[in-house]
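Read the structure below first, then the notes.
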Amino acid sequence: MLVAVVAEGAGGWLREVDPAGAPAGPPRRVADLATAIAEREAADAPRWIWSSTTEIYPWLLRAGVRVARCHDLELTEALLLGHAGRWGEPRSLAAAHARLIGAPVPADPRPRMAQPPGFAQGALFEAGGVAGGGAGTGGAGADETPPSAVIAVHADQVARIAGTAHPGRFRLLVASESAGALIAVEMGHAGLPWRADIHDDLLRELLGPPQPVGPPKRLAELSAQVNAAFGTHGLHPDSPAEVLRAFARAGIDVPNTRAWVLRRVDHPAVPPLLEFKELYRIWTAHGRAWREAWVSGGRFRPEYVPGGVVSGRWATRGGGALQVPKVVRRAVVADPGWRFVVADAGQLEPRVLAAVSGDARLAAAGGAGDLYAALAADSFGGDRATAKVALLGAMYGQTGGNAVPALAVLRQRYPTAFAYVESAARTGEAGGLVRSWLGRTCPPPATAGRQAGLEPAEESGPADSRGGASGRARGRFTRNFVIQATAAEWALVLLATLRTALVGMRAELVLFVHDEVGVHCPVQEAERVAAAVRTGAARAGEMMFGDTAVRFPLDVSIVECYADA
DNA sequence: TCCGTGTGCGCC
DNA sequence: AAAGGGCGCACACGGA
């Protein structure tokens with residue numbers, strides 16, 4: 001069953017909807033929306049249709065209400081607009097409804113910086129003007145009684161989904177995207193356990209004791225060593241311009257000061273410079289200031305943004321939760337008597353390539369525990385490293401360097417898989433659109449390929465098909481998109497499946513980094529959680545690709561500290 | 001002083 | 001000749 005919902009102050013409106021999207025009962029006004037949703041959830045757990053999980057669900061969670069399923073109209077609208085090649089059009093409920101009735105389409109509101117507790121609800125959830133201020137709508141036609149806009153847009157989306165290239169897959173995409181939105185809010189609500197005392201010890205160990213003024217001791221020492229090596233005073237090692245000038249004075253010409261460039265430079269300033277860069281990074285990006293901003297009550301609470309990346313990967317708004325340096329993960333420690341179950345999907349992207357391309361030979365390799373080893377045994381004379389470079393090169397668009405002979409082997413031995421990524425690249429170079437397995441669509445060149453900025457008067461279209469730099473860049477982008485976006489879908493399906501499996505346990509999802517999930521649970525539940533995550537991975541493969549030889553093995557560990565995973 | 005851009009590195 | 005995809009974040013820099 002489906003129930004459309006719209007908030008209005010602390011209350012709201014509910015109305016049953018049938019699978020085709022038509023109203024299946026009268027609209028019902030409730031004074032206490034959270035309680036009404038909780039009661040209905042306990043009764044038969046319908047799929048809730050609402051404008052935006054990000055807006056409504058934090059408020060429900062704070063009221064102690066969890067839901068099993070939803071249909072997020074905004075996220076779905078974005079997926080459908082993208083599928084139709086209309087990237088960038090407003091996707092709010094108000095905009096979708098305006099398009100539907102031929103009214104002027106309002107722009108999407110700017111993403112807010114942060115959401116303080118008790119953020120106003122009300123007008124957020126209904127299309128502009130439709131709610132009409134609640135009680136005042138008595139004189140309007142019945143069709144405009146809330147949640148009429150929610151119902152109308154949902155019905156329209158159901159119809160548009162049916163018109164996509166693979167409706168069954170697209171439905172799975174919409175369901176997992178919506179589930180991901182629920183999970184993102186729940187993860188932000190739960191937070192990642194974070195031990196401030198260990199974090200402090202770690203910072204002191206790496207950076208030395210804090211100084212009354214300026215950087216910690218170790219950083220000051222390294223800075224002095226760099227200056228001594230250059231014969232300078234007051235040079236700031238984090239200033240690329242100053243470092244470049246210093247190298248130039250020493251007769252060393254480097255294009256930039258990136259670590260991998262400096263590593264090949266023979267000069268006494270290089271070792272302390274490299275160490276400085278590494279530690280300075282930790283001090284500025286994950287030091288005390290960071291912790292005071294993002295860690296509270298023993299939990300790191302970033303804000304996740306599902307679908308924040310065009311490929312469908314999540315992003316974060318503040319806190320950098322997807323880039324916590326490995327050394328800093330020592331501060332992520334389970335509560336007493338609890339554990340982390342951390343699962344990492346190994347070799348996910350090459351396995352996805354094997355599955356989506358339907359290359360039987362590559363799929364056979366993908367049925368093994370180590371895909372690269374199987375690939376090496378099959379076609380590279382047992383040379384695993386070369387096999388890996390070749391496959392990664394094919395997926396990222398590398399065509400030169402050491403990988404050339406290996407790529408030729410790949411092309412000859414796995415022509416179907418090779419053709420899959422080559423086709424995606426050619427489509428992108430010609431200005432076309434490519435899609436993930438479930439139907440997420442890449443942005444058009446006007447949006448995505450702006451980097452090189454060489455575009456003359458002709459905007460989109462096959463302007464670059466003859467091979468300009470920006471055309472090739474877009475080819476690499478679309479080549480990778482079909483893989484990365486499908487891998488993101490697999491991870492999302494796994495996450496949604498796992499979430500359902502955890503219902504009834506005390507276990508909580510607390511971590512999701514592209515192809516890695518983490519669950520915080522009592523030690524007694526750890527084995528059950530580990531089994532659930534393995535089952536989830538197998539289910540995700542089946543739900544996405546049906547009967548395929550490709551396996552998606554997980555590396556699962558049960559640890560007290562995230563750094564040990 | 002403010003703010004947009006560039007640089008460089010963290011993660012996958 | 002070589003040629004790598006996607007992000008977030010903090011700082012330095014430089015123009016307004």
Side-chain angles (χ1 to χ4, degrees), chain A residues 215 235-245 254-263 273-287 289-290 293-294 302-305 307-329 344-350 352-353 388-404 407 421 424-425 428 434 436 440 442-443 448-449 451 453 467-488 490-491 511-517 562:
Chain A
L235 176 146
H236 185 15
D238 193 51
S239 166
E242 289 179 34
V243 172
L244 278 184
R245 280 196 293 271
V254 284
N256 54 56
T257 64
R258 296 191 176 166
W260 66 272
V261 168
L262 296 185
R263 244 184 281 280
L273 195 49
L274 290 175
E275 192 177 349
F276 180 93
K277 280 171 177 288
E278 196 179 321
L279 296 179
Y280 185 74
R281 187 92 206 136
I282 289 166
W283 184 53
T284 57
H286 289 93
W290 170 86
W294 295 104
E303 186 179 356
Y304 295 95
V305 186
V309 179
V310 295
S311 66
R313 281 182 170 183
W314 289 13
T316 56
R317 187 153 38 219
L322 304 180
Q323 303 122 250
V324 177
K326 298 216 166 175
V327 287
V328 180
R329 296 179 184 180
D344 187 302
Q347 307 169 335
L348 179 56
E349 297 198 348
V352 162
L353 171 58
K388 178 176 176 177
V389 165
L391 199 46
L392 291 176
M395 290 189 300
Y396 286 147
Q398 184 170 11
T399 55
N402 302 333
V404 170
L407 281 165
V421 287
V434 297
S436 69
R440 190 186 304 271
C442 78
Q451 322 295 21
S470 72
R472 284 197 301 274
R474 186 152 193 283
R476 286 192 297 273
F477 166 65
T478 51
R479 172 195 297 268
N480 186 251
F481 181 93
V482 295
I483 305 299
Q484 187 185 111
T486 304
W490 179 89
L511 183 78
F512 177 49
V513 190
H514 306 316
D515 61 358
E516 182 182 6
V517 301
Y562 179 31

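Proteins get letters first, then strands, A, B, ... in listed order; numbering begins at 1 in each. Everything quoted here is computed from the prediction, not taken from an experiment.
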(Q) Would you call the rings of Y280(A) and F276(A) parallel, tilted or perpendicular, taking 30° and 60° as the class edges? (A) parallel

Q. Could you walk me through whether E349(A) and R313(A) pass the salt bridge (charged side-chain N to carboxylate O under 4.0 Å, His left out) check?
A. CA-CA 13 Å; E349(A) 297 198 348; R313(A) 281 182 170 183; 3.7 Å; yes

Q) Hey, where on DNA chain B does chain A first and last touch, going 5' to 3'? Cut-off is any atom under 4.0 Å from a heavy atom. A)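 Footprint of chain A along DNA chain B, 5' to 3': dT7(B) to dC12(B).
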
Is a side-chain N or O of [X] found less than 3.5 angstrom from the main chain of [Y], in a donor-acceptor match?
X       : Y       : result
R440(A) : A488(A) : no
R317(A) : E303(A) : no
W290(A) : G319(A) : yes
T284(A) : R281(A) : yes

**Q.** For V434(A), side chain to side chain contact (heavy atoms under 4.5 Å, CB included) partners two or more places apart
**A.**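 With neighbours one apart ignored, the set is A424(A), T427(A), C442(A), T478(A), F481(A), V482(A).
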
Q.
Ignoring hydrogens, what is the shortest heavy-atom contact between I483(A) and V352(A)? Give both atom names and the distance.
A. O-CG1, 3.9 Å

Q: Could you check how far CZ of R476(A) sits from C1' of dA3(C), rounded to whole Å?
A: 7 Å

Q: Using a 4.0 Å cut-off on protein heavy atoms (strictly under), produce a 5'-to-3' string for nucleotides 7-16 of chain C with B for base contact, S for backbone-only sugar-phosphate contact, and - for none.
A: SBBSSSS---

